[in-house]
Protein chains: 4
Amino acid sequence: MHLKIDTSGGVPIYLQIVDQIKRAAAAGRLKPEDPLPSVRQLALDLTINPNTVARAYLELEHQGIIYKRQGQGTYVCTQAPGAARRERHKMVAGLLEKAIAEAAALGMTASEIHSIYDQLMHRYHLEAV
Amino acid sequence: MHLKIDTSGGVPIYLQIVDQIKRAAAAGRLKPEDPLPSVRQLALDLTINPNTVARAYLELEHQGIIYKRQGQGTYVCTQAPGAARRERHKMVAGLLEKAIAEAAALGMTASEIHSIYDQLMHRYHLEAV
Amino acid sequence: MHLKIDTSGGVPIYLQIVDQIKRAAAAGRLKPEDPLPSVRQLALDLTINPNTVARAYLELEHQGIIYKRQGQGTYVCTQAPGAARRERHKMVAGLLEKAIAEAAALGMTASEIHSIYDQLMHRYHLEAV
Amino acid sequence: MHLKIDTSGGVPIYLQIVDQIKRAAAAGRLKPEDPLPSVRQLALDLTINPNTVARAYLELEHQGIIYKRQGQGTYVCTQAPGAARRERHKMVAGLLEKAIAEAAALGMTASEIHSIYDQLMHRYHLEAV
DNA sequence: GTGGTCTAGACCACT
DNA sequence: GTGGTCTAGACCACT
């Protein structure tokens, strides 16, 4: 579990934590029942206030990603098998739709979009085999 | 010029105005030297606070999209030929990159991404000819 | 809107606020689109910290009871007609079930329970007509 | 003596133990001078921390339900005849009052409450003869 | 050790 | 004016 906080971008710290932990769960780097660092420990690691970590954990609990065992610690929720995969799909589909809807609204042609898409896939080493 | 404001989604109203006017300019629906509605008029139309419209116009001015003529009104900036097109490209490329970077970070394969992409292109009637 | 906070009972202040506002909505004393007092104002009224009020409002927002309009204030959510009534039913049924399940577990007879029930209904002026 | 611990509901483990032992005494499943399992044994059975069992026993001692004999073990207190019955009555009356007070505060009518009550009595097989 | 609640007070974003 | 975020630090409950 390695989190990166960027205080310059205006994105709330607690949301950065939420996003990165959700992503780790979706990517499978965090598995069901894995323990998370304690509120205090993560606060020390990131040199932020424990309240801010607690806020992030509270949000993740509301979203059903993690749960707390009294006096013991915080753990990743057990999820139905395939949940991480579906979550991953949903995240990416949501972002892709934003991009394509925007392109459509701006009147771009399919081939213009394709060319941007191919370039980016190449840059991220995602060429088809 | 028809703007839609959604107060439910948590996106600042002034940003919704900024985005939609930028998009209109990038799409060519707003051309150089076209007049924009007055701050008061747009505030009345959208039933929002004039301060909010003023803030959006200020932001658009900072971004070089519009300019004010003393005592006359607000107009779309003259842009180098092709500027709208480049702007359009930049917007879509930015969004697409977000989606693809996320997919890469989540360890998705090229073919998984392709399948989502194709589905969405189809839904937005952007099939290749 | 008149809230009573009891700091002696060990019940978190923010939860007391949550409960009382939920109850007011279920009882119909708070109707859809009614404005709530501002975070600062309620904090002053109850002489508690604004953060504590904010915490209560956040929880109510998570539960879909209230929503915020940016820069304007906090309002009661529009609910399907009859929602308040159903909510009321659910609250009371939940509490009654706890009582009756406990009585059953303790091996009490129906007539013992009836006698307690009748006495209490009488005390709360809820006699049948 | 068979105790069930639910770590998911947020109810402190030590309170679950206290409640279940009080209930067993009120129901007559635990009689005066019956021995309780040792702290260590119960902790092993429930796979919880011995401190937690100790805390529950301490609480039960404070409430006059159990007592310790030096070096021998823990036992259920001798109670005045009828004490279990009165305790049972008090528990159920307390819970029923919560439910009925809430219903009254929410403006429910006697017949609404009756209908919920009858349904629940039926579900717990407590119909009048 | 773990997390939860609360205060005091600062600074920011939005309308 | 409105709510949102964050720090610093205290005290509490649970295991």
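Order of the sequence lines fixes the chain letters, A, B, ..., with proteins taken first and strands second; residue numbering starts at 1 for each chain. Heavy atoms only: backbone and side chains are in, while hydrogens, waters and symmetry mates are out. Only a predicted model underlies this, so the values are computations on that prediction, with no experimental measurement involved.
Between A:Tyr57 atom OH and F:dT5 atom P there is a gap of 18 Å when expressed in whole angstrom units. Between the CG atom of C:Leu42 and the P atom of F:dT2 there is a distance of 12 Å, rounded to whole Å. The separation between A:Ile66 atom CD1 and E:dG4 atom C1' is 14 Å, rounded to whole Å. Between the OH atom of C:Tyr67 and the P atom of F:dG4 there is a distance of 14 Å, given to the nearest Å. C:Leu44 places its CG atom 11 Å from the P atom of F:dG1, with the value rounded to the nearest Å. Going from atom CG of A:Leu60 over to atom P of E:dG4 covers 12 Å, rounded to whole Å. Atoms CD (C:Glu59) and P (F:dG4) sit 14 Å apart, rounded to a whole Å. Across the protein-nucleic acid pair, C:Leu36 atom CG and F:dG3 atom P stand 9 Å apart, rounded to whole Å.
Under the 3.5 Å distance criterion, with hydrogens and angles disregarded, no donor-acceptor pair is assigned to the side chains of B:Arg55 and B:Tyr57.
Other residues, nucleotides and ligands contribute only 12 or fewer heavy atoms inside 6.0 Å of the NZ atom of C:Lys98. Heavy-atom contacts from other residues, nucleotides or ligands closer than 6.0 Å to NZ of C:Lys90 number 12 or fewer.
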Before giving the answer on side-chain contact (heavy atoms from CB on, under 4.5 Å), spell out for D:Leu36 and D:Leu30 the whole-Å C-alpha distance, their side-chain angles and the decisive distance to 0.1 Å. CA-CA 9 Å; D:Leu36 290 170; D:Leu30 273 179; 3.9 Å; yes
A:Glu102 and B:Arg23: CA distance, side-chain angles, deciding distance, salt bridge (Lys or Arg N to Asp or Glu O under 4.0 Å) verdict: CA-CA 9 Å; A:Glu102 179 83 9; B:Arg23 204 172 299 168; 3.0 Å; yes
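Dashed line: the shortest gap from a side-chain N or O of A:Lys68 to OP1 or OP2 of E:dT2 is not under 4.0 Å. C:Thr74 has a side-chain polar atom (N or O) that falls below the 4.0 Å cut-off from OP1 or OP2 of F:dG3.
The closest side-chain heavy-atom distance from C:Leu60 to C:Thr74 is not below 4.5 Å. Inter-residue side-chain proximity for B:Gln16 and B:Thr7 is flagged as unmet; no heavy-atom pair is nearer than 4.5 Å. The side-chain heavy atoms of A:Val11 and A:Asp19, taken from C-beta on, include no pair separated by under 4.5 Å.
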Which letter, B, S or -, goes with each nucleotide of nucleotides 6-15 of chain F from 5' to 3', with contact meaning a protein heavy atom under 4.0 Å? BBBB----BB
Per-nucleotide pairing state of DNA chain E [Watson-Crick or G-U, under 3.5 Å; [ ] pseudoknot-crossing; | other strand]: ||||||||||||||.
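Ion pairing of C:Glu59 with C:Lys22 is absent here, as no side-chain N (NZ or NE/NH1/NH2) approaches a carboxylate O to less than 4.0 Å.
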